[in-house]
Every structure is written in structure tokens, then in C-alpha cells.
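Just so it is clear, the structure is predicted and the values come from calculations on it, not from any experiment. Throughout, protein chains are lettered first and strands after them, A, B, ... in sequence-line order, and every chain is numbered starting at 1.
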Protein chains: 2
Amino acid sequence: MTIQRRCILDSLTFFPQSVFEISSFLKTHGTPVDVVTIYRTLNCFVEIGIAGKTKFKDDFSRYELISEANHHHHLVCDKCGAVEDIPLDDKLLIDEINKKTNFKVKSHALEFFGICTKCQQ
Amino acid sequence: MTIQRRCILDSLTFFPQSVFEISSFLKTHGTPVDVVTIYRTLNCFVEIGIAGKTKFKDDFSRYELISEANHHHHLVCDKCGAVEDIPLDDKLLIDEINKKTNFKVKSHALEFFGICTKCQQ
DNA sequence: TGACTTATTGCAAGTCATTTGCAATAATTC
DNA sequence: GAATTATTGCAAATGACTTGCAATAAGTCA
């Protein structure tokens with residue numbers, strides 16, 4: 001465990017952030033870390049299961065802390081690109097899939113696109 | 001409307017295909033079309049609303065015909081990468097979002113990952 | 001503590017899907 | 001059918017992400 005890894009872990013949150021968001025956060029908060037290191041560290045975090053990676057429409061992957069208690073989905077604003085989190089009850093959908101097919105669902109990603117509260121004003 | 005556009009339109013289906021899948025289909029079915037042309041044409045189709053584009057985890061965008069009557073979601077196999085379609089009742093989720101937030105949902109993408117029927121055998 | 005082994009960092013350079021510039025060609029218009 | 005406009009396809013650029021590699025920092029064991 002190095003200083004860089006500690007900083008990257010500390011900058012992770014329960015809402016998804018891109019590597020460049022994390023990078024600029026670290027630049028303005030004491031410990032600049034090379035983006036390559038951030039990529040490598042985050043991929044490592046994903047492998048050992050403490051972070052989640054989601055590929056968004058804008059071509060950026062975003063990373064967030066994983067927590068069963070904090071399972072949620074994403075509201076992505078078409079205008080400003082902001083990503084909100086929302087907890088949703090997805091059991092019904094999974095049940096529906098199990099009824100209709102033989103597919104064994106292991107994970108899922110639900111993304112909703114539209115206009116966020118700020119951009120509506 | 002050119003021959004290439006006609007061919008690309010004809011090769012589109014209601015399940016999502018990548019540009020390279022479309023390209024190799026066209027190579028083996030009479031009319032090879034440059035991938036650049038396929039990219040440009042598909043983006044055009046998406047703009048005028050006759051095709052849908054989804055970015056998948058494997059870094060490929062996939063395109064499919066849009067049809068209100070054929071609204072569905074995706075089951076992506078973690079092993080072989082195959083994409084199945086499944087119609088799901090998503091009204092409850094949208095209602096849930098409308099109740100909980102001010103976010104105006106305009107579209108959504110629901111993807112489920114797991115093991116497909118073939119790979120289970 | 002200090003020498004040794006192993007893992008991590010960061011730069012440069014590579015990869016790969018996708019986009020863009022541009023000249024040649026094909027549709028469309030009159 | 002000539003003039004205008006849009007489309008094609010090659011080559012080269014873009015941009016997120018990855019890899020090679022030498023330098024450095026952690027962890028280990030005496």
C-alpha cells in the first residue's frame with residue numbers, strides 16, 4: 001500500500017467519477033498522481049472487488065466504491081453530463097428475466113438519460 | 001440514398017450489432033462497404049431516429065433498428081459476449097424515479113450481465 | 001539497521017475504436 | 001447532360017486506455 005494508492009482510495013466515492021476527475025481532485029488536494037497509476041490502481045481495485053467500473057456514453061469509464069448496502073443506478077444528464085445516483089428496486093426485473101429465459105444474471109447496469117434538475121431551470 | 005446506405009439499412013436488425021459485425025456481414029453478402037462509411041451512415045441513422053446506439057462494456061458500440069413496438073433490453077454474456085434481447089416492463093422503475101426525483105427521464109438503457117444458455121452447458 | 005527481493009511509479013510509446021480531411025466518385029437538380 | 005451537392009473510401013488524426021521499461025519505493029529476512 002503506497003501513498004498514491006491511499007490517495008486514490010480516499011478520493012473514491014459512492015458516485016461514479018472518471019479518471020480525469022480523480023486526477024484533478026488529487027492535483028488540487030496535495031498529492032498529484034499520474035493518470036497511468038490511477039488507471040492501474042483502479043483496475044486493481046475493481047479486480048479485488050472494492051470498486052465498480054461503468055462505461056458511460058461519453059466514452060469515459062467511471063469508478064465508484066462498491067457497497068451492497070449502497071446498490072444504486074445512474075441518472076445521466078443529456079445536457080451537462082452530470083451523473084446522479086438513485087436506489088431502485090430491481091428485483092422485479094431480475095425475476096422477470098429468470099421467468100422468461102435461462103440466462104443467469106450476475107450483475108446489471110441500469111442507466112437513465114434525461115434532463116437533471118439544474119438544467120431544467 | 002446510395003447502394004451502401006441501402007445495404008447498411010438492410011443489414012440492421014432489432015438486435016444490436018457492432019460495426020465490424022455489420023462490415024463482415026456485408027463482405028460475405030455481396031457488397032463490401034468501408035467501415036468509415038458504416039460509421040458515418042449509422043451515426044446519421046441515429047440522428048434521424050431510425051437506429052439506436054448502445055455502448056457496451058467490451059468497448060464496441062452496437063447499433064439496432066428502433067421500434068417502439070420492439071422496445072427491449074439487453075442480456076450480455078460475460079463469457080462469449082453474445083447479446084440477447086428481452087422485453088421488460090420498465091414502467092415501474094420510471095415511475096419510481098419520477099416519484100423520488102425531479103429528473104426528467106427521456107431514455108434509458110438496461111443491461112444485464114451473466115452467463116447465457118449456451119455457455120452454461 | 002541494512003542488503004535483497006518484489007511491487008509500484010511515471011514517463012514514453014503503443015493499441016484500438018472511432019472520427020476527420022480530402023480528393024474522387026456518384027446522386028440529385030435544373 | 002452539365003452543374004451542384006452529397007457520399008464514398010483511403011490515409012491520417014483523435015482520444016481513452018494500456019504496456020514496456022528503467023527508476024524508485026515497500027516489504028522481507030537476516
Legend entry - No-hydrogen, no-angle side-chain donor-acceptor test under 3.5 Å, A/Glu64 and A/His72: yes
Inset, instruction - Would you mind reporting whether B/Glu111 and A/Glu111 have side-chain heavy atoms less than 4.5 Å apart? - result: no
Inset, instruction - Give me the ring orientation class for B/His108 and B/His71: parallel if the planes are under 30° apart, tilted from 30 to 60°, perpendicular past 60°. - result: perpendicular
Inset, instruction - Starting from P on C/dT28, measure out to CE on B/Met1 and report it in whole angstrom. - result: 9 Å
Inset, instruction - Let me have a per-nucleotide readout for nucleotides 10-19 of chain C, 5' to 3', with B, S or -, counting only protein heavy atoms under 4.0 Å. - result: BBB----SSB
Inset, instruction - Look at B/Lys91 together with B/Asp95 and state whether they make a salt bridge at an N to O cut-off of under 4.0 Å. - result: no
Inset, instruction - Please work out which of the three classes, parallel, tilted or perpendicular, describes the rings of A/His74 and A/Phe56, given edges at 30° and 60°. - result: tilted
Legend entry - Whole angstrom value for the distance that separates P of D/dT8 from CG of B/Leu26: 12 Å
Inset, instruction - Calculate, to the nearest 0.5 Å, the distance between atoms CD1 and CZ belonging to A/Ile66 and A/Phe45 respectively. - result: 12.0 Å
Legend entry - Contact list for DNA chain C against residues 6-17 of chain A - heavy-atom distance below 4.0 Å: none
Inset, instruction - Grab the CD1-P distance between B/Ile38 and D/dT8 for me, whole Å please. - result: 10 Å
Inset, instruction - Output yes when at least one side-chain N/O atom of B/Thr2 is less than 4.0 Å from OP1 or OP2 of D/dT8, else no. - result: yes
Inset, instruction - Kindly indicate whether the side chain of B/Tyr63, heavy atoms from C-beta on, has any atom under 4.5 Å from the side chain of B/Val19. - result: yes
Legend entry - Atom pair distance, as rounded to whole Å: CZ in B/Arg5 and C1' in C/dA27: 11 Å
Legend entry - Heavy-atom side-chain contact between B/Val33 and B/Lys27 under 4.5 Å: no
